[in-house]
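Data block below; observations after.
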Amino acid sequence: MHRLKQYRGELMLSLCAVIWGTALVPQKLGTLYLGPFSFGAARFLTGAVIFFPLSLILKRVGHEGRNPFLRKDLVIGGGLCGIAMFLGAYFQQLGLADTTVGKTGFITAMYIVIIPLIGLFFHRKTELMTWVSIALAAVGLYFLCMSEHFSVSKGDFYVFIGSLFWAIQITLVDTYSKKTNSLELVPVEFLVAGVLSLFCAFQMESPNLSAVTKSIGPILYTGIMVVGVAYTFQALGQKTVSPAIAGLIFSTESLFGVISGALLFQEAMSPREIFGCVLMFSALVLSQIKLPSIRKSEEEKAKASQPEKNKVKTGKQYETPSFKT
């Protein structure tokens, strides 16, 4: 039981990957009846309605009674995460209408190698292995999406744009889940994404009750499992799991997407596309590997940066205390 608790964050993120990968199937079904904005509004608002009262209960159990909407970090973080989620979901749903579930899973997982590129804007060091992974992923993406006539389908292109926004969303969650209570951040994120989707649905689409009724199964599954459960696990899990391990776990989403698409839609890939998938998955794994020299350098840097006040005097020597996490 103690070991299970120790790896609770990793287990939460693993469930995220399973849910996200398999959820591409009901999302694909949803494209038959609803536009991407309408489907997004239905599932995000469903997730918000389900999770909000649950978050209040969990907060009361944890004896946290502060008003979540009065804190600057929560409002800004929830708003930014919600906007990124809204755009990521829109482009992914738009692309799913014109491409397969399996390809969507692998293209979406590109956010794993896009995240380090985002870090460049914040002056974060990018390692050599990361650049190798990005180059390998680009080649894999070429074989997966580029046809023999050197053209890319609209669906693949839209899904790739969505992966850019998923990379931004994960980066924002990693930042603001450490500044706020995740049980407060998540419902604000859902609400922002849902309201934006609803506004755009009435402006650009023609949603109707009949279409919503026909899509009730996909809406409930994605609203409860993807929005209510998976994104909650993401926010909670990323609090205790390093970004490198989180990225490696999230990369398995692509495999679950391929498996679910093959089982339920009988989707099959050409040898060229399979080769592209192999290259991309190899890139996703490599992007999370650090060379021993780099890892040692980081450990020495972290040890050297520990403040003197955290050292405990014992006789004539000073020892740095260790804390169990």
I need the minimum non-hydrogen distance between [X] and [Y], along with the two atoms involved.
X      : Y      : value
Leu29  : Pro218 : CB-CG, 4.1 Å
Ala230 : Ile19  : CB-CG2, 4.0 Å
Ser215 : Gly30  : OG-O, 4.2 Å
Ala137 : Val113 : CB-CG2, 4.0 Å
Lys28  : Leu96  : NZ-O, 2.7 Å
Ser260 : Val101 : OG-CG1, 4.1 Å

How far does [atom1] of [X] sit from [atom2] of [Y], to the nearest 0.5 angstrom?
X      : Y      : atom1 : atom2 : result
Ile134 : Leu117 : CD1   : CG    : 4.0 Å
Met85  : Ile170 : CE    : CD1   : 10.0 Å
Ile259 : Leu264 : CD1   : CG    : 11.5 Å
Met225 : Cys16  : CE    : SG    : 10.0 Å
Thr222 : Phe39  : OG1   : CZ    : 3.5 Å
Ile224 : Arg43  : CD1   : CZ    : 13.0 Å

Thr180 side chain to Asp73 side chain, donor-acceptor N/O pair below 3.5 angstrom: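 Side-chain D/A pair, Thr180 to Asp73: absent.
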Distance-only side-chain donor-acceptor flag, Gln92 / Thr104, under 3.5 Å: no
Quick check: does any side chain N or O of [X] sit under 3.5 Å from a backbone N or O of [Y], one acting as donor and the other as acceptor?
X      : Y      : result
Thr99  : Gly95  : no
Glu189 : Gly78  : no
Glu205 : Cys200 : no
Ser153 : Asp156 : yes
Lys214 : Tyr33  : no
Gln266 : Leu263 : yes

Residues forming a side-chain hydrogen bond (donor to acceptor under 3.5 Å, both in side chains) with Ser197, sequence neighbours excluded: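 So Ser197 forms no side-chain hydrogen bond (donor to acceptor under 3.5 Å, both in side chains) with any residue.
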Counting C-beta onward and ignoring hydrogens, is there a side-chain heavy-atom pair between [X] and [Y] closer than 4.5 Å?
X      : Y      : value
Phe86  : Val192 : no
Ser163 : Phe160 : yes
Val212 : Pro207 : no
Phe190 : Val195 : no
Ile76  : Tyr176 : yes
Arg8   : Thr240 : no

Give a yes or no on whether [X] and [Y] share a hydrophobic cluster (residues Ile, Leu, Val, Met, Phe, Trp, Tyr; joining criterion: side-chain heavy atoms under 4.5 Å apart).
X      : Y      : result
Val18  : Met12  : no
Ile118 : Trp131 : yes
Leu87  : Leu34  : no
Val285 : Leu144 : yes
Leu164 : Val173 : no

Mutual orientation of the aromatic rings belonging to Phe91 and Phe165 [parallel < 30°, tilted 30-60°, perpendicular > 60°]: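 Plane angle under 30°, so parallel.
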Plane angle bin for Phe143 and Phe275 - parallel if under 30°, tilted between 30 and 60°, otherwise perpendicular: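 Aromatic pair Phe275/Phe143 classed perpendicular.
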Intermediate values then yes/no, side-chain contact (heavy atoms from CB on, under 4.5 Å), Val258 and Met269: CA-CA 9 Å; Val258 170; Met269 290 187 175; 4.1 Å; yes
Any residue meeting salt bridge (charged side-chain N to carboxylate O under 4.0 Å, His left out) with Glu273, in chain and number order, not counting sequence neighbours: Lys103
Verdict with reasoning, Trp20 to Phe250, per ring pair (Phe, Tyr, Trp, His ring centres under 6.0 Å): CA-CA 9 Å; Trp20 285 343; Phe250 287 153; 5.1 Å; yes
CA sep, side-chain torsions, deciding dist, call: Thr108, Val159, side-chain contact (heavy atoms from CB on, under 4.5 Å): CA-CA 6 Å; Thr108 299; Val159 173; 3.5 Å; yes
Phe157 atom CZ, neighbour heavy-atom count above 12 within 6.0 Å: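 Count not over threshold, so no.
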Positive for ring-ring contact (aromatic ring centres under 6.0 Å, His included) with Tyr90, one of Tyr158, Trp166, Phe37: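 Single ring-ring contact (aromatic ring centres under 6.0 Å, His included) partner of Tyr90 among Tyr158, Trp166, Phe37: Phe37.
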Step-by-step side-chain contact (heavy atoms from CB on, under 4.5 Å) determination, Leu15 to Leu11: CA-CA 6 Å; Leu15 285 173; Leu11 289 173; 5.7 Å; no
Check against side-chain contact (heavy atoms from CB on, under 4.5 Å), Phe281 and Leu255: CA-CA 9 Å; Phe281 190 72; Leu255 294 179; 3.6 Å; yes
ring-ring contact (aromatic ring centres under 6.0 Å, His included) involving Tyr111 - partner list, sequence neighbours excluded: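 Result, ring-ring contact (aromatic ring centres under 6.0 Å, His included) vs Tyr111: none returned.
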